There are 2 protein chains.
Amino acid sequence: MVNKFRDIYDTLKNEINEGLYNDTMVLPTEMALIERFGTSRNTVRRAIQLLNEDGLVYSVKGRGVVILERIEIDKKSFKVGNFQGLKALSADTEVEKKTIVQEFHELTVDDSLAKKISFPVGERVYLVKRLRLIDGKAMMSDTSYFKKSIVKGLNEKIIAGSIYDHIKQNLDFKIAASKSIMKVESAKDSDFKELALGKNNCVGILENAVYNDMGKLFEYTTIRYIPNEYALISFDQN
Amino acid sequence: MVNKFRDIYDTLKNEINEGLYNDTMVLPTEMALIERFGTSRNTVRRAIQLLNEDGLVYSVKGRGVVILERIEIDKKSFKVGNFQGLKALSADTEVEKKTIVQEFHELTVDDSLAKKISFPVGERVYLVKRLRLIDGKAMMSDTSYFKKSIVKGLNEKIIAGSIYDHIKQNLDFKIAASKSIMKVESAKDSDFKELALGKNNCVGILENAVYNDMGKLFEYTTIRYIPNEYALISFDQN
DNA sequence: GAGTGGTCTAGACCACGGT
DNA sequence: CCGTGGTCTAGACCACTCC
């Protein structure tokens with residue numbers, strides 16, 4: 001057990017998914033949960049808050065914690081922010097995936113690049129361009145910029161494997177947070193050449209800015225992917 | 001003042017945006033904020049949590065609350081979940097917008113529709129199909145299903161105005177939460193006819209499932225929009 | 001070792017829903 | 001009116017960062 005509130009959250013989540021509360025569609029009251037788990041009110045409330053953030057329940061003052069109806073996308077898709085590099089997608093599926101490194105070199109950020117990726121002018125960066133194939137089909141192309149001052153010592157071997165494994169094992173900083181932007185744009189010449197677009201002439205774009213725990217941006221990645229294959233979901237309250 | 005923690009959050013957010021902490025890029029410690037605002041630790045921590053959720057700061061145990069570097073998309077775009085009906089987009093811009101109601105009638109959910117929109121078979125619903133024009137250009141088309149048992153008494157006049165105003169003013173339930181799914185797909189014949197796609201042959205799709213405070217789905221809307229005009233952003237931690 | 005944020009407790013009062 | 005969740009307080013102990 002790491003955290004009490006995490007434990008209570010896991011327990012309740014399982015019980016909801018198993019349909020334990022399907023008769024009332026309401027969770028037990030906070031008082032009942034306090035007694036059951038032998039804990040304080042704040043701790044129970046934190047667990048319930050996590051369920052809220054998951055989109056599983058909705059708390060109503062004076063009534064109780066209502067369980068939300070299930071919808072189809074809960075199972076088929078994955079959350080925004082788990083859409084990193086395509087790991088989340090192929091994790092539990094039986095597909096052959098392959099990554100081709102198309103470009104890898106250093107450069108200095110100039111004016112126009114600075115506007116695109118929010119890195120300061122003059123910053124020394126690695127550029128990594130990779131193509132992702134699934135079952136031989138070119139599904140997406142990633143262009144990543146890494147700050148050399150933070151992500152030290154990249155080389156061809158690391159690039160071909162997992163850059164994030166390298167960060168975790170060899171570097172002394174933590175990945176803290178990321179911001180994503182999603183767009184649909186007309187395909188460029190390079191997209192037609194590289195991606196299995198078929199008759200489509202547009203691409204989905206997912207831009208990802210990643211922070212370390214000093215609050216510094218260290219990666220900016222743009223993913224261009226083909227239509228009809230991917231979905232992103234999100235949940236919002238109030 | 002509604003909430004103390006909300007107040008502290010607003011204050012700190014403004015100070016961050018004004019660059020008050022640009023020298024250290026760290027927020028004052030919790031103890032300092034407790035003294036400054038004359039409040040308890042929990043309340044200060046709730047305010048900081050909101051800043052975390054906004055993607056403005058990141059808390060590090062043992063070091064402090066680090067202010068995240070700014071990136072371009074912070075200003076240009078709007079958050080996922082505010083992408084409702086296009087209100088958020090045109091709110092602060094000087095554009096001529098127009099809505100055309102293309103379809104409005106009742107129907108009963110059958111097997112195939114149930115799979116698409118997660119409503120139970122046999123449920124009686126309103127179908128509303130609308131086209132959104134901005135400066136005379138057909139930017140998006142919305143297809144909405146509303147449960148008649150919850151969203152009562154829709155008519156042509158309400159549809160032409162704002163359905164959500166009708167809900168707020170005349171109906172006795174609250175909008176609680178929503179789930180969204182974002183995709184890119186090949187355009188259909190109807191898209192070519194209705195939308196200002198130009199040479200593009202794909203559309204962005206945003207599906208939205210909306211809940212009331214009883215945990216019941218009452219709306220399922222599919223928005224099909226043209227490329228190159230819209231962006232959605234999200235923020236994730238850990 | 002000093003100082004920071006993370007977890008947890010035990011209690012109080014308030015606002016809202018349903019009866 | 002009672003029971004619910006929402007806000008807030010005051011205090012304790014722990015885990016981590018940095019010097």
Side-chain angles (χ1 to χ4, degrees), chain A residues 1-12 21 24-53 56-68 171-177 212-216 237-238, chain B residues 1-12 21 24-53 56-68 171-177 212-216 237-238:
Chain A
M1 208 250 310
V2 187
N3 294 329
K4 274 197 189 177
F5 72 89
R6 187 89 210 168
D7 236 46
I8 298 172
Y9 159 76
D10 287 333
T11 305
L12 292 176
Y21 306 113
T24 57
M25 290 308 270
V26 175
L27 277 191
T29 65
E30 291 181 351
M31 269 311 297
L33 294 172
I34 288 166
E35 286 187 21
R36 173 176 168 198
F37 292 103
T39 183
S40 73
R41 191 166 169 222
N42 267 339
T43 305
V44 165
R45 283 177 62 74
R46 277 190 84 168
I48 292 172
Q49 197 191 336
L50 291 181
L51 296 171
N52 268 278
E53 285 165 11
L56 284 171
V57 305
Y58 183 76
S59 301
V60 187
K61 195 192 303 193
R63 192 187 307 134
V65 179
V66 175
I67 296 170
L68 295 181
L171 299 177
D172 58 344
F173 71 91
K174 287 193 192 118
I175 298 150
N212 71 0
D213 64 350
M214 300 298 289
K216 300 292 178 198
Q237 265 177 275
N238 292 338
Chain B
M1 210 250 308
V2 188
N3 294 329
K4 274 196 190 178
F5 72 87
R6 188 90 210 165
D7 238 45
I8 297 171
Y9 160 75
D10 287 333
T11 304
L12 292 177
Y21 305 113
T24 58
M25 290 307 271
V26 175
L27 237 46
T29 65
E30 292 181 349
M31 269 311 296
L33 293 172
I34 288 167
E35 286 187 21
R36 172 175 170 197
F37 292 103
T39 184
S40 75
R41 191 166 169 222
N42 267 339
T43 304
V44 164
R45 284 178 61 74
R46 276 189 85 169
I48 292 172
Q49 197 190 334
L50 291 181
L51 295 172
N52 268 278
E53 286 165 10
L56 283 171
V57 304
Y58 183 76
S59 301
V60 187
K61 197 191 303 194
R63 189 184 309 134
V65 180
V66 175
I67 296 170
L68 295 181
L171 299 177
D172 58 344
F173 71 91
K174 287 194 191 116
I175 299 150
N212 70 1
D213 63 350
M214 301 298 291
K216 299 293 178 198
Q237 264 176 274
N238 293 336

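Order of the sequence lines sets the chain letters (A, B, ...), proteins ahead of strands, with each chain counted from 1. Only a predicted model underlies this, so the values are computations on that prediction, with no experimental measurement involved.
Residue-to-nucleotide proximity on DNA chain C shows that, of A:Val2 and A:Gly62, the 5′-proximal contact is made by A:Val2. Residues B:Lys4 and A:Asp213 both approach DNA chain D. Their nearest nucleotides, taken by heavy-atom distance, put B:Lys4 toward the 5′ side. Mapped onto DNA chain C by nearest heavy atom, A:Arg41 and A:Asn3 fall at different nucleotides, with A:Asn3 at the one closer to the 5' end.
No side-chain heavy atom of A:Met25 sits less than 4.5 Å from a side-chain heavy atom of B:Met214. You'll find the side chain of B:Thr11 reaches within 4.5 Å of the side chain of B:Phe37, heavy atoms only. A 4.5 Å side-chain heavy-atom check between B:Leu27 and B:Ile67 finds at least one atom pair inside the cut-off.
Residue A:Tyr58 contributes atom OH, which lies 13 Å from atom P of C:dC16 at whole-angstrom precision. Here C:dT4 presents its C1' atom at 13 Å from CG of B:Leu33, a figure rounded to the nearest Å. Note: CE (A:Met214) to P (C:dT4) measures 16 Å, nearest angstrom.
At distances below 3.5 Å, not a single donor-acceptor pair connects side-chain atoms of A:Arg36 with backbone N or O atoms of A:Pro28.
Among the candidates B:Leu33, B:Leu51, B:Thr39, B:Ile48, the single residue satisfying the side chain to side chain contact (heavy atoms under 4.5 Å, CB included) test with B:Ile8 is B:Thr39.
Using a 4.0 Å heavy-atom distance criterion, B:Asn42 is classed as a base contact. If you check every strand for non-hydrogen atoms under 4.0 Å, A:Arg46 touches sugar and phosphate atoms only.
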B:Arg6 vs B:Leu50, side-chain contact (heavy atoms from CB on, under 4.5 Å): CA-CA, chis, key distance, verdict: CA-CA 8 Å; B:Arg6 188 90 210 165; B:Leu50 291 181; 4.1 Å; yes
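In the 5' to 3' direction, nucleotides of DNA chain D lying under 4.0 Å from heavy atoms of chain A begin and end at D:dG3 to D:dT17.
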